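Take a look at the structure below.
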Amino acid sequence: MKIALIGYGKMGKAIEEVALQKGHEIVLKIDVDNASDLTEKNLLQADVAIEFTGPHSAVHNIYKCFEAGVPLVCGSTGWLDKLEEVRKTCIEKNTGFLYASNYSIGVNIFFEVNKKLSQLMDQQELYDVSLEEIHHTEKRDAPSGTAITLAEQILENVSRKKQWVNHPSSYPDDLTIISKRIDPAAGTHTIAYRSSIDDIEITHTAHNRKGFAAGAVLASEFMKGKTGIYSMKDVLGL
């Protein structure tokens with residue numbers, strides 16, 4: 001498979017390593033130094049594009065891939081206020097789009113565990129729920145996209161929580177997310193249900209970027225030749 005890599009930082013390099021090990025070819029690498037090379041002509045060399053940049057460039061890059069008709073796997077976070085608009089454009093352009101806040105297979109299983117636990121805890125009003133996420137100091141957005149996904153799952157199922165906030169809060173309606181930036185943390189997410197009697201916690205800890213990279217390459221293999229909108233649940237059959 002021929003892959004266009006949009007974003008060639010630490011994550012892009014990790015994806016490249018996994019892709020090459022699996023026998024794929026990287027036909028285009030886009031970074032800040034050669035952003036002007038992100039053209040339809042160059043993108044059409046690829047079967048699929050993988051985009052890991054940042055919140056300020058992601059939507060522009062996504063639309064470039066849509067214009068070229070190249071299926072896209074997107075892992076950038078911090079731009080989700082435009083997600084519905086992006087999905088609508090994908091359908092209009094009849095191309096393929098897969099977005100995930102986290103491509104790790106373990107995290108996507110963790111999402112399912114979080115969903116089930118939050119359903120079980122809805123009626124347990126003695127427990128207050130909060131989240132904590134820890135990442136390396138180079139991570140630009142807070143809270144992490146993964147933390148937002150976890151929080152939205154809890155808000156769907158725990159009726160006493162109405163919105164998430166990214167700071168400590170004494171309001172019972174608020175779901176607190178605490179963000180910490182500590183090197184060299186690849187990513188740790190903890191959901192805690194606390195009461196005066198006991199605590200229940202679930203935690204996912206990434207040891208390095210390999211899990212994210214492997215999941216992104218798996219997603220790109222899934223997306224080859226596809227049109228429509230997909231998620232990691234489709235890739236993993238969850």
Side-chain angles (χ1 to χ4, degrees), residues 1-80 82-83 86 89-90 93 95-105 107-108 135-141 144-146 183-184 186-187 206-227 229-232 235:
M1 191 170 65
K2 295 180 178 181
I3 298 172
L5 271 182
I6 306 170
Y8 196 59
K10 291 177 181 177
M11 193 67 213
K13 291 180 174 68
I15 291 169
E16 178 182 42
E17 182 180 349
V18 172
L20 294 176
Q21 287 172 354
K22 297 186 79 172
H24 301 308
E25 181 184 356
I26 308 300
V27 294
L28 181 65
K29 298 176 193 176
I30 299 294
D31 206 9
V32 289
D33 299 331
N34 69 332
S36 61
D37 290 343
L38 187 61
T39 64
E40 182 173 341
K41 179 182 177 182
N42 287 337
L43 281 167
L44 286 172
Q45 301 175 68
D47 298 309
V48 65
I50 303 177
E51 201 274 352
F52 272 83
T53 60
H56 302 299
S57 55
V59 175
H60 170 78
N61 297 336
I62 290 166
Y63 285 148
K64 283 282 190 179
C65 293
F66 287 177
E67 290 295 332
V70 176
L72 174 64
V73 170
C74 176
S76 295
T77 58
W79 61 272
L80 293 187
K82 302 286 197 308
L83 182 58
V86 163
T89 305
C90 175
K93 297 291 185 181
T95 186
F97 180 64
L98 191 156
Y99 167 76
S101 60
N102 195 307
Y103 282 88
S104 160
I105 294 168
V107 164
N108 281 276
H135 284 86
H136 53 86
T137 56
E138 292 179 18
K139 184 162 181 61
R140 302 170 196 171
D141 55 314
S144 67
T146 301
D183 287 327
H207 301 304
N208 50 54
R209 289 182 173 82
K210 290 181 181 177
F212 309 118
V217 173
L218 187 67
S220 70
E221 292 168 342
F222 173 85
M223 286 301 293
K224 182 182 178 183
K226 284 189 170 63
T227 60
I229 296 166
Y230 300 90
S231 71
M232 281 301 284
V235 177

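Because the structure is predicted, anything quoted here is derived from the model rather than measured.
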For [X], is the [atom1] atom crowded, meaning more than 12 foreign heavy atoms sit under 6.0 Å from it?
| X | atom1 | answer |
| --- | --- | --- |
| K10 | NZ | no |
| K226 | NZ | yes |
| K93 | NZ | no |
| H56 | NE2 | no |
| K13 | NZ | yes |

Indicate the atoms forming the closest heavy-atom contact of [X] with [Y], along with that distance.
| X | Y | result |
| --- | --- | --- |
| G225 | P71 | N-CG, 4.2 Å |
| L98 | S231 | CD1-O, 3.9 Å |
| I62 | C74 | CD1-SG, 4.0 Å |
| N34 | K29 | ND2-O, 2.8 Å |
| S76 | E51 | OG-OE1, 2.5 Å |
| C90 | F97 | SG-CB, 3.6 Å |

* Please walk me through it: do Y63 and T89 pass side chain to side chain contact (heavy atoms under 4.5 Å, CB included)? -> CA-CA 8 Å; Y63 285 148; T89 305; 3.6 Å; yes

Measure the spacing between [atom1] of [X] and [atom2] of [Y] and express it to the nearest 0.5 Å.
| X | Y | atom1 | atom2 | answer |
| --- | --- | --- | --- | --- |
| I30 | I6 | CD1 | CD1 | 7.0 Å |
| Q45 | E25 | CD | CD | 9.0 Å |
| I26 | L5 | CD1 | CG | 4.5 Å |
| H24 | I50 | NE2 | CD1 | 8.5 Å |
| M223 | M1 | CE | CE | 11.0 Å |
| I229 | L83 | CD1 | CG | 8.0 Å |

* Intermediate values then yes/no, side chain to side chain contact (heavy atoms under 4.5 Å, CB included), L72 and T95 -> CA-CA 8 Å; L72 174 64; T95 186; over 6 Å; no

* Sequence-distant partners of F212, ring pair (Phe, Tyr, Trp, His ring centres under 6.0 Å), two or more places apart -> none

* Asked: Do T77 and K139 have side-chain heavy atoms sitting under 4.5 Å apart?
  -> yes

* Asked: Do Y99 and L80 have side chains that get closer than 4.5 Å, going by heavy atoms?
  -> yes

Judged by atom type as modelled, is there a donor-acceptor pair below 3.5 Å linking the side chain of [X] to the main-chain atoms of [Y]?
| X | Y | value |
| --- | --- | --- |
| D47 | K224 | no |
| D31 | D33 | no |
| N108 | I105 | no |

* Give the intermediate values and the outcome of side chain to side chain contact (heavy atoms under 4.5 Å, CB included) for residues Y103 and L218. => CA-CA 9 Å; Y103 282 88; L218 187 67; over 6 Å; no

